[in-house]
Protein chains: 2
Amino acid sequence: MIEKASPSPAAIKAWARLMRVSRQLVEKVEDALKDGGLPPLAWYDVLHELAEAGEGGLRPFQLIERTLFAQYNVSRLLARLESESLIEKIPVADDGRGQTIRITGKGRETRRRMWTVYGRSIAELVGARLPAEELEMLAALLGRLRHPPAME
Amino acid sequence: MIEKASPSPAAIKAWARLMRVSRQLVEKVEDALKDGGLPPLAWYDVLHELAEAGEGGLRPFQLIERTLFAQYNVSRLLARLESESLIEKIPVADDGRGQTIRITGKGRETRRRMWTVYGRSIAELVGARLPAEELEMLAALLGRLRHPPAME
DNA sequence: TTCAGATAGATGCAATTGCATCTATATAGA
DNA sequence: TCTATATAGATGCAATTGCATCTATCTGAA
């Protein structure tokens, strides 16, 4: 199997756009959250996963898989979220090392408030710029860059 | 003019993919650079811009425009690059506040070594996963999310 | 000219991240 | 059962980032 060491011009261009656009969009969303006096995007990611998980909660290592954050970042982010009473840590019965993380009512409320800003940003920055068909094409192309690639 | 506050499912999916894929790819490239004992991606971005700019160099504020890094980050990154002799700072004649940044020979060499790793990563992570035509389509779609949007 | 912004870049300090390592529990094999 | 290894999560310390502000120079209007 041949592995090329140098990327094609098309690959470089797609890469450059991906880097630049994602940086730009993240920054705009972070700014919008700050303007609203809301916590950073990373908090949303965690609260979102926990809200989806429901009453059963999630183990920290499951959050790591889902969010792709580093272990030590999750550990500390959870400490901050707990100190704000947005989550609670529950010792888990059958594994003395672990804990289950559950979102609190206040956590759900914070997530909801963040979504009004975050969702609006997505609508403006992405939804308003491409028609549905092209959004789907974009998602499909990006899915194939995922590891492992999305099958669709 | 109607501004929707809630994003469509297609917009949310494209957004989620964009966030996840860009995070994943950046992390893989950073890991590859670390494995090679090379500096982080941000150094490449700056060295690349300076190499493109040639002997004339660039002002820090031009680097800020091109890389989208925050002003204080550029200021400190340049200090680190200078302490490694990868760039040099030259006072600029017609503006006593400013300076021109020029890449050194050692800087070019470092950039070249980084590119062997970075370029290979792009080839593997992006180039090998989509054919040229789809890479171009991806770049075009991303270009329309840019601010201001790319015209092509 | 003069002075009130505006612009270029640096920096003190607090918060976050990254790295390496640590503790505690779990698990598998001798 | 005992021990070596693996896994879950936390943490000390250094480096980086973010925020606010600072200094210095420049520009334009009175």
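Per chain, numbering begins at 1; letters A, B, ... match sequence-line order.
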Legend entry - Lys106(B)/Glu82(B) ion pair, N-O < 4.0 Å: no
Legend entry - DNA chain C-proximal residues of residues 25-50 of chain A, any heavy atom under 4.0 Å: none
Inset, instruction - Measure the shortest side-chain to side-chain distance between Val26(B) and Met19(A) over non-hydrogen atoms and say whether it is less than 4.5 angstrom. - result: yes
Inset, instruction - Compare every heavy atom of Val21(A) with every heavy atom of Leu142(B), then report the nearest pair and how far apart it is. - result: O-CG2, 3.4 Å
Inset, instruction - Quick one: sort the Tyr118(A) and Trp115(A) rings into parallel, tilted or perpendicular, breaks at 30° and 60°. - result: perpendicular
Legend entry - Salt bridge flag under 4.0 Å for residues Arg23(A) and Asp45(B): yes
Inset, instruction - Report yes if the side chains of Pro7(B) and Val126(A) come closer than 4.5 Å at any heavy-atom pair, otherwise no. - result: no
Inset, instruction - Go through DNA chain C in 5' to 3' direction and return only the first and the last nucleotide with some atom under 4.0 Å of chain A's heavy atoms. - result: dT16(C) to dA26(C)
Inset, instruction - Could you tell me whether Arg76(B) contacts a base, only the sugar-phosphate backbone, or nothing, with contacts defined as non-hydrogen atoms closer than 4.0 Å? - result: base
Inset, instruction - With a 4.0 Å heavy-atom cut-off, tell me which residues in residues 77-99 of chain B come close to DNA chain D, sorted by residue number. - result: Arg80(B), Asp95(B), Gly96(B), Arg97(B)
Inset, instruction - Sort out for me which residue in Leu47(B), Thr110(B), Leu86(B) forms a side chain to side chain contact (heavy atoms under 4.5 Å, CB included) with Pro39(B). - result: Thr110(B)
Legend entry - Glu124(A) and Lys28(A) ion-paired at < 4.0 Å: no
Inset, instruction - Report yes if the side chains of Trp43(B) and Glu84(B) come closer than 4.5 Å at any heavy-atom pair, otherwise no. - result: yes
Inset, instruction - Evaluate the side-chain proximity of Val29(A) to Leu41(A): yes if any heavy-atom separation is below 4.5 Å, no if none is. - result: yes
